[in-house]
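The structure appears below as C-alpha cells.
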Amino acid sequence: MNVLQLLKLKGSRTIETVAPQLSLSEVAELLSAKRIGALVVSTDGKTVAGIISERDIVRRLGQDGADCLGLAVGEVMTSDVTTCALSETALSVLERMTEGRFRHMPVLENGQMVGFLSIGDVVKARISEIETDNAALVEMLQG
C-alpha cells in the first residue's frame, strides 16, 4: 500500500495548520479542541515551516515552566520536518517514523502539502493490509 492509497483510506484530506506567530497557549487549545496531537506550522497553508506537537509543548513546559505558554509557535516548533511522497509505501513511512521517533508526517507533492499522516493512520492501514493478506493465504491453503 502506498501513501496515496493510505490517504484515500483515511478519508479526510484536511490539513490543520497554524501560523508561526500563534502562542503555545492558543495551539494547546486547538490541539485539545480538535483532539489531535500535532499541527503543521505554515505561513500559507501549502508549505511546511515546521510541526508543533504535544511533545514539543510538554518539552518546553518542562524546561521553562508555564511562562513558555506565551511564546510563539515559531520559537518552539520542530523545524527539521521529515516529509513523504504519495508514491512511498506505508511500510517505508512507518519505518521512518519509528526510526526518527516522531508521530506525524506531512505528505508533499511538488513542494505542496497534500496530506498529513499520523503513526496511527499508518499502523491502522498496515494492520488492514496484513489482515487482508492473511485471509487470502488462509483461503488459498484451505482450497
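All values below come from the heavy atoms of this structure, side chains included, with hydrogens, waters and symmetry mates left out. Here the structure is a predicted model, which is why all the values come from computation and not from measurement.
For D121, the side-chain hydrogen bond (donor to acceptor under 3.5 Å, both in side chains) test picks out K10, S118, with sequence neighbours left out. Legend: residues meeting side chain to side chain contact (heavy atoms under 4.5 Å, CB included) with V58, ordered by chain and number and at least two apart, are absent. Partners of E54 according to the salt bridge (charged side-chain N to carboxylate O under 4.0 Å, His left out) rule, which considers only residues two or more places apart in sequence or in another chain, do not exist here. Contacts of T14 classified as side-chain hydrogen bond (donor to acceptor under 3.5 Å, both in side chains), with partners at least two apart in sequence or in another chain: S12. The salt bridge (charged side-chain N to carboxylate O under 4.0 Å, His left out) check on K8 picks up nothing, with sequence neighbours excluded. The salt bridge (charged side-chain N to carboxylate O under 4.0 Å, His left out) check on R60 picks up D64, with sequence neighbours excluded. By the side-chain hydrogen bond (donor to acceptor under 3.5 Å, both in side chains) test, Q112 pairs with no residue at all, sequence neighbours left out.
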Extract all donor-acceptor atom pairs below 3.5 Å that involve side chains of residues 128-143 and protein atoms in other chains or at least two apart in sequence.
unit_1: E129; atom_1: OE1; unit_2: R126; atom_2: NH1; d: 2.6
unit_1: E129; atom_1: OE2; unit_2: M1; atom_2: N; d: 2.8
unit_1: T132; atom_1: OG1; unit_2: S128; atom_2: O; d: 3.0

Show which side-chain atoms of residues 37-48 pair as donor or acceptor with protein atoms under 3.5 Å away, not counting sequence neighbours.
unit_1: S42; atom_1: OG; unit_2: D44; atom_2: N; d: 3.3
unit_1: S42; atom_1: OG; unit_2: D44; atom_2: OD1; d: 3.1
unit_1: S42; atom_1: OG; unit_2: G45; atom_2: N; d: 2.8
unit_1: S42; atom_1: OG; unit_2: T47; atom_2: O; d: 2.6
unit_1: D44; atom_1: OD1; unit_2: K46; atom_2: N; d: 2.8
unit_1: D44; atom_1: OD1; unit_2: T47; atom_2: N; d: 2.8
unit_1: D44; atom_1: OD1; unit_2: T47; atom_2: OG1; d: 3.0
unit_1: D44; atom_1: OD2; unit_2: T47; atom_2: OG1; d: 3.3

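Among residues at least two apart or in separate chains, side-chain hydrogen bond (donor to acceptor under 3.5 Å, both in side chains) pairs with a member in residues 93-103 are E88-R96. The stretch residues 121-143 participates, sequence neighbours left out, in no ring pair (Phe, Tyr, Trp, His ring centres under 6.0 Å) pair at all. Contacts classified as side-chain hydrogen bond (donor to acceptor under 3.5 Å, both in side chains) and involving residues 75-86 (residues at least two apart or in different chains) are given here: D56-T78.
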